Enquirer: 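Before anything else, here's the structure in question.
Only this structure's heavy atoms are used, side chains among them; waters, hydrogens and symmetry mates stay out. Everything numeric here is computed off the predicted structure, so don't read it as measured data.
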Amino acid sequence: MARIIAGMGTSHTPAIGVAVDTGKMDQPYWRPLFAGYEPARRWMAQTKPDVVIMVYNDHVNAFDFKVIPTFAIGCAEEFAIADEGWGARPVPPVKGYPEFAAHLVQSLVLDEFDITIVNEMQVDHGFTVPMSLAFGSPAEWPVRAIPLAVNVIQYPAPTGHRCYMLGKAIRAAVESWHEDLKVVIFGTGGMSHQIQGPRAGLVNSEFDIAFLDDLSRDPERLARIPPLEYLRDAGAEAIELVMWLVMRGALGERVKEITRFYRVPASSTAVGTIVLESQS
Ligand code: DHB
Ligand code: FE
């Protein structure tokens, strides 16, 4: 049986990808951030998942404003790296798992989650920055990955509660796959940030720390945060945090926190990460 053994929450700030790609990881501005991610990266290297489910958001690269699926699963053999305007990041293409992805789509749709099937797409910084933070800079990614894209770009994003319930359905879907697979699920984006308008640069560390705490202590509270509360209290782009609730929902009732790290700022965002092992 395939099993979701753990989840990783992480920001996807694009400047982190630029720092990796231009050799700036050892500069004073960036060194503490990459040092803070080291325990998560070490945990990942020891854990060696077979597959990751990457719950992430596209930023109008794979999908333009013509079509914006609320939830979409990538079923391709491979996903190329998107050119976001200054050339594609020099990271390897992402190896998918079409059979397993198709199984997840089938299980979720029959479970009444209306998933968009994507047979060809590219992935942007929302996907590749978490991969770099979790796996470093290998010649090939050491895992197969299933992209699960969530719309947090154009109103209305799905609610945190819907995302949490989707996570629970993903757990059941994974456990009904015949092969023995170690699966790690990612929830990405966040934490507090606002990148446009008069409130640009807004960060709310109290909100972020409470969010990290309650992933273990009280995920039901997080699942009930209304969309407007993210925007009002933690900045317009903090709505990306609903994707962490897909991850949390997929871990079952009890979790054990393995590591966390939180820092302000990177670019103009609060950056956070957490690794939670499923105890259920
Ligand atoms: C920034 C943050 C994001 O989450 C994003 O998708 C794009 C830009 C930023 O901090 O500049
Ligand atoms: Fe973003």
Side-chain angles (χ1 to χ4, degrees), residues 4 7 9-12 52-76 79 82 84 94 96-98 100-130 145-174 185-191 193 195 211 219-220 222-232 234-251:
I4 296 185
T10 176
S11 303
H12 67 209
V52 300
I53 298 174
M54 181 63 74
V55 183
Y56 80 109
N57 73 287
D58 179 67
H59 300 74
V60 207
N61 289 301
F63 311 118
D64 61 21
F65 277 117
K66 288 184 201 148
V67 179
I68 304 178
T70 298
F71 296 118
I73 290 186
C75 298
F79 303 93
E84 301 183 47
V94 172
Y97 195 166
F100 188 36
H103 167 78
L104 295 182
V105 170
Q106 168 181 271
S107 176
L108 292 170
V109 171
L110 295 181
D111 211 1
E112 301 179 351
F113 286 86
D114 307 317
I115 307 294
T116 298
I117 298 166
V118 184
N119 291 320
E120 186 183 335
M121 72 170 173
Q122 302 188 340
V123 291
D124 72 8
H125 71 269
F127 193 112
T128 63
V129 168
I146 297 181
L148 197 171
V150 179
N151 168 40
V152 289
I153 286 291
Q154 181 171 355
Y155 181 86
T159 64
H161 182 255
R162 188 64 173 156
C163 288
Y164 189 58
M165 298 309 285
L166 175 62
K168 293 186 182 201
I170 289 171
R171 186 171 185 82
V174 166
I185 185 165
F186 280 65
T188 63
M191 298 196 81
H193 66 304
I195 58 180
F211 194 94
E220 302 282 338
L222 301 181
R224 291 292 174 194
I225 297 175
L228 272 178
E229 200 167 305
Y230 287 100
L231 273 57
R232 189 189 62 214
E237 279 70 38
I239 192 66
E240 291 175 347
L241 282 168
V242 295
M243 295 185 286
W244 292 43
L245 296 176
V246 181
M247 174 274 282
R248 180 60 190 88
L251 300 181

Enquirer: Step through the shown structure and confirm whether more than 12 heavy atoms of other residues, nucleotides or ligands are within 6.0 Å of CG on L228.
Expert: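 No - once you tally the heavy atoms of other residues, nucleotides and ligands closer than 6.0 Å, there are 12 at most.
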Enquirer: Would a 4.5 Å heavy-atom cut-off, applied to side chains only, mark V246 and Y56 as touching?
Expert: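 V246 does not reach Y56 side chain to side chain.
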Enquirer: My understanding is that only residues two or more places apart in sequence, or in another chain, count here; which of them pass side chain to side chain contact (heavy atoms under 4.5 Å, CB included) with E120?
Expert: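 Testing E120 for side chain to side chain contact (heavy atoms under 4.5 Å, CB included), a comparison that skips the adjacent residues, returns none.
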Enquirer: If the plane angle is over 60° it's perpendicular, under 30° parallel, otherwise tilted; pick one for F100 and Y97.
Expert: tilted
Enquirer: Do S11 and M191 have side chains that approach each other closer than 4.5 Å (heavy atoms only, starting at C-beta)?
Expert: yes
Enquirer: Can you name the residues that form a side-chain hydrogen bond (donor to acceptor under 3.5 Å, both in side chains) with T128, not counting sequence neighbours?
Expert: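 Once residues adjacent in sequence are excluded, the partners of T128 under the side-chain hydrogen bond (donor to acceptor under 3.5 Å, both in side chains) criterion are R89.
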Enquirer: Has H193 got a side-chain atom pairing as donor or acceptor with G235's backbone, closer than 3.5 angstrom?
Expert: no
Enquirer: Under the rule for ring pair (Phe, Tyr, Trp, His ring centres under 6.0 Å), what residues qualify as partners of F79, not counting sequence neighbours?
Expert: none
Enquirer: Test of understanding: with ring pair (Phe, Tyr, Trp, His ring centres under 6.0 Å), list the residues that count as partners of Y164, not counting sequence neighbours.
Expert: none
Enquirer: I need the full list of salt bridge (charged side-chain N to carboxylate O under 4.0 Å, His left out) pairs touching residues 101-112, with sequence neighbours left out, sorted by first then second residue.
Expert: none
Enquirer: Go through the structure and list residues passing side-chain hydrogen bond (donor to acceptor under 3.5 Å, both in side chains) with Y230, not counting sequence neighbours.
Expert: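 With neighbours one apart ignored, the set is empty.
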Enquirer: Can you confirm whether L104 sits close enough to I53 that some side-chain heavy atom of one is under 4.5 Å from a side-chain heavy atom of the other?
Expert: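 Yes, close enough: below the 4.5 Å cut-off.
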Enquirer: Can you list everything that forms a salt bridge (charged side-chain N to carboxylate O under 4.0 Å, His left out) with D114? Sequence neighbours excluded, please.
Expert: none
Enquirer: Taking V55's backbone N and O only, do any of them form a donor-acceptor pair with T188's side chain (distance below 3.5 Å, no angle check)?
Expert: yes
Enquirer: I'd like a table of donor-acceptor pairs (distance under 3.5 Å, sequence neighbours excluded) in which one partner is a side-chain atom from residues 61-75, with atom names and distances.
Expert:
{"unit_1": "N61", "atom_1": "ND2", "unit_2": "H59", "atom_2": "O", "d": "3.2"}
{"unit_1": "N61", "atom_1": "ND2", "unit_2": "D124", "atom_2": "OD2", "d": "2.8"}
{"unit_1": "D64", "atom_1": "OD1", "unit_2": "K66", "atom_2": "N", "d": "2.8"}

Enquirer: Using the rule side chain to side chain contact (heavy atoms under 4.5 Å, CB included), only one of V52, V174, I146, I170 pairs with I185; which is it?
Expert: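 Exactly one option meets the side chain to side chain contact (heavy atoms under 4.5 Å, CB included) with I185, and it is I170.
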Enquirer: Enumerate, atom names and distances included, each donor-acceptor pair closer than 3.5 Å involving a side-chain atom of residues 150-160, sequence neighbours excluded.
Expert:
{"unit_1": "N151", "atom_1": "OD1", "unit_2": "I153", "atom_2": "N", "d": "2.9"}
{"unit_1": "N151", "atom_1": "OD1", "unit_2": "Q154", "atom_2": "N", "d": "3.1"}
{"unit_1": "N151", "atom_1": "ND2", "unit_2": "Q154", "atom_2": "O", "d": "2.8"}
{"unit_1": "T159", "atom_1": "OG1", "unit_2": "R162", "atom_2": "N", "d": "3.0"}

